[in-house]
**Student:** 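Please read through the structure below; I'll follow up with questions.
Small disclaimer: the values here were computed from a predicted structure and weren't measured.
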Amino acid sequence: HMPGTMAFSVAEHAIGLMISITRGFIHNDRVARQTHWDECAQLWPNLYGKRLGILGYGNIGAEIAQRAQGFEMDIGYHARHRREVPHAYFETPLALAEWADYLIAALPGSADTRHMVGADVLQALGPRGYLINVARGTVVDTAALDRALRSGAIAFAAIDMAEGDPEIPVALLDTPNLQMTPHVAGQSPEAVERKLGIIRANIEIHLTGGQVLSPVKEMGDA
């Protein structure tokens, strides 16, 4: 049990995906390899000053918010309970999506969060909206996401997990305006080192009769 050990890595990955789909990294890499550079005329927007909505404000959500402030983004969030943070709180995911330019899902997978990002939330995000999912795949309704991207209901999406992970729905393989990574957001040498450090410390403390660093408790708020 190692809460928070991957939060830095997941937050960086979420920000990286957000930058990539906004600035068209994959598209521009392909164009640069195939086309004369003076023909790369498409303009890509900035993150600066945009509205970022974070679904879930646990360890990962807080780290995402901290990094997004470097882009001078307006930040809002939805969680089961209001936090003592200087960001706008929204009572529902739908209200958050209606306000946001970007929506990042960063909350646990559970029966309560299943398909929290469904057709209504995607429609509210709008044709200039971006979705990034670094939460469990079940948080996003895959079929609804596929329809939203194909119809232009949202501009772009990036996901690190999908329903059925590690088996990815075949339909997503040719979904337009979708960037995918294979469930690697939390993986980095530093995250592994932190995890192993806590495991080692917990074992040593337990064997010597002390209080472990990360006791298992009821799952906290998202």
**Student:** Does Ile26 share a hydrophobic cluster with Leu145, counting links as ILVMFWY side-chain heavy atoms below 4.5 Å and allowing steps through other members?
**Tutor:** no

**Student:** Using modelled atom types and a 3.5 Å cut-off, is there a donor and acceptor pairing between side-chain atoms of Asn28 and backbone atoms of Gly24?
**Tutor:** yes

**Student:** Tell me, with the steps shown, if Ile54 and Leu96 meet side-chain contact (heavy atoms from CB on, under 4.5 Å).
**Tutor:** CA-CA 8 Å; Ile54 303 174; Leu96 181 62; 5.8 Å; no

**Student:** Counting N and O atoms only, with roles assigned by atom type, does the side chain of Arg23 sit under 3.5 Å from a partner on the main chain of Pro45, one being a donor and the other an acceptor?
**Tutor:** yes

**Student:** Given Glu204 and Arg200, is the salt bridge (Lys or Arg N to Asp or Glu O under 4.0 Å) satisfied, shown in steps?
**Tutor:** CA-CA 6 Å; Glu204 292 174 351; Arg200 185 180 303 111; 5.3 Å; no

**Student:** Exactly one of Leu103, Ile64, Ile132 should register a side-chain contact (heavy atoms from CB on, under 4.5 Å) with Leu52. Which one does?
**Tutor:** Ile64

**Student:** Compute whether any side-chain donor of one residue and acceptor of the other, for Glu163 and Thr142, lie under 3.5 angstrom apart.
**Tutor:** yes

**Student:** To check you understand the geometry: which heavy-atom pair defines the closest contact between Gly61 and Ala106, and what is its length?
**Tutor:** N-CB, 4.4 Å

**Student:** List in chain and number order the residues that pass salt bridge (Lys or Arg N to Asp or Glu O under 4.0 Å) with Asp101, two or more places apart in sequence or in another chain; answer none if no residue qualifies.
**Tutor:** none

**Student:** Less than 6.0 Å separating the ring centroids of Tyr130 and Tyr102?
**Tutor:** yes

**Student:** When clusters are formed by joining ILVMFWY residues with side-chain heavy atoms under 4.5 Å apart, either directly or through shared neighbours, do Ile198 and Leu207 land in the same one?
**Tutor:** yes

**Student:** Using the side-chain contact (heavy atoms from CB on, under 4.5 Å) rule, take His87 and Tyr57 through it: C-alpha gap first, then chi angles, then the decisive distance, then the call.
**Tutor:** CA-CA 11 Å; His87 310 308; Tyr57 205 91; 3.3 Å; yes

**Student:** Is a side-chain N or O of Arg51 found less than 3.5 angstrom from the main chain of Ile75, in a donor-acceptor match?
**Tutor:** no

**Student:** A quick test of your reading: do over 12 heavy atoms of other residues, nucleotides or ligands sit less than 6.0 Å from CZ of Arg128?
**Tutor:** no

**Student:** Of the non-hydrogen atoms in Val139 and Ala105, which two are nearest, and what is the gap between them?
**Tutor:** CG1-CB, 4.2 Å

**Student:** To check you understand the geometry: which heavy-atom pair defines the closest contact between Ala162 and Pro169, and what is its length?
**Tutor:** CB-CD, 4.1 Å

**Student:** Work out which heavy atom in Gly118 is nearest to a heavy atom in Asp141; give both atom names and the distance.
**Tutor:** CA-CB, 4.1 Å

**Student:** Using distance alone, with no hydrogens and no angle criterion, decide if Gln179 and Ser20 have a side-chain donor and acceptor under 3.5 Å apart.
**Tutor:** yes

**Student:** Is a side-chain donor or acceptor of Asp165 paired with a backbone partner of Gly137 at a separation under 3.5 angstrom?
**Tutor:** no

**Student:** Can you confirm whether Gln69 is buried at CD, in the sense that more than 12 heavy atoms of other residues, nucleotides or ligands lie under 6.0 Å from that atom?
**Tutor:** yes

**Student:** Could you check whether Tyr89 and Tyr77 have their ring centres less than 6.0 Å apart?
**Tutor:** yes

**Student:** Is it true that Ile19 and Phe156 fall in one hydrophobic cluster, defined by side-chain heavy atoms closer than 4.5 Å?
**Tutor:** yes

**Student:** Is the closest basic N to carboxylate O distance between Glu190 and Lys195 below 4.0 Å?
**Tutor:** no

**Student:** Might you point out which heavy atoms bring Ala11 and Glu63 nearest each other, and give the distance in Å?
**Tutor:** CB-CB, 3.5 Å

**Student:** Can you tell which of Leu17, Asn133, Leu173, Asp160 makes a side-chain contact (heavy atoms from CB on, under 4.5 Å) with Met180?
**Tutor:** Leu173

**Student:** Do Met6 and Phe8 land in one hydrophobic cluster if side-chain heavy atoms of ILVMFWY residues count as linked below 4.5 Å?
**Tutor:** no

**Student:** Should the heavy atoms of other residues, nucleotides or ligands under 6.0 Å from CD of Glu98 be counted, would the total exceed 12?
**Tutor:** yes

**Student:** Could you walk me through whether Met161 and Val134 satisfy the side-chain contact (heavy atoms from CB on, under 4.5 Å) test, starting with their C-alpha distance in whole Å, then the side-chain angles of each, then the deciding distance to 0.1 Å, before giving a yes or no?
**Tutor:** CA-CA 7 Å; Met161 285 178 272; Val134 289; 5.7 Å; no

**Student:** Just by distance, no angles: are the side chains of Ser214 and Asn202 close enough, under 3.5 Å, to form a donor-acceptor pair?
**Tutor:** yes

**Student:** Which pair of heavy atoms, one from Thr113 and one from Pro108, lies closest together, and at what distance?
**Tutor:** OG1-O, 2.8 Å

**Student:** Please tell me whether Val85 and Ile104 are part of a single hydrophobic cluster in this structure, the criterion being side-chain heavy atoms less than 4.5 Å apart.
**Tutor:** yes

**Student:** Dump the intermediate steps for side-chain contact (heavy atoms from CB on, under 4.5 Å) on Asp146 and Arg150, then the final yes or no.
**Tutor:** CA-CA 6 Å; Asp146 181 61; Arg150 292 181 188 277; 2.8 Å; yes

**Student:** Between OG of Ser110 and CZ of Arg136, what distance do you get to the nearest 0.5 Å?
**Tutor:** 11.5 Å

**Student:** Ignoring hydrogens and geometry beyond distance, is a side-chain donor-acceptor pair present between Thr92 and His78 at under 3.5 Å?
**Tutor:** no

**Student:** Quick check: does any side chain N or O of Thr175 sit under 3.5 Å from a backbone N or O of Leu178, one acting as donor and the other as acceptor?
**Tutor:** no

**Student:** Hey, mind stepping through Thr138 and His115 against side-chain hydrogen bond (donor to acceptor under 3.5 Å, both in side chains) and telling me if it holds?
**Tutor:** CA-CA 6 Å; Thr138 55; His115 289 184; over 6 Å; no

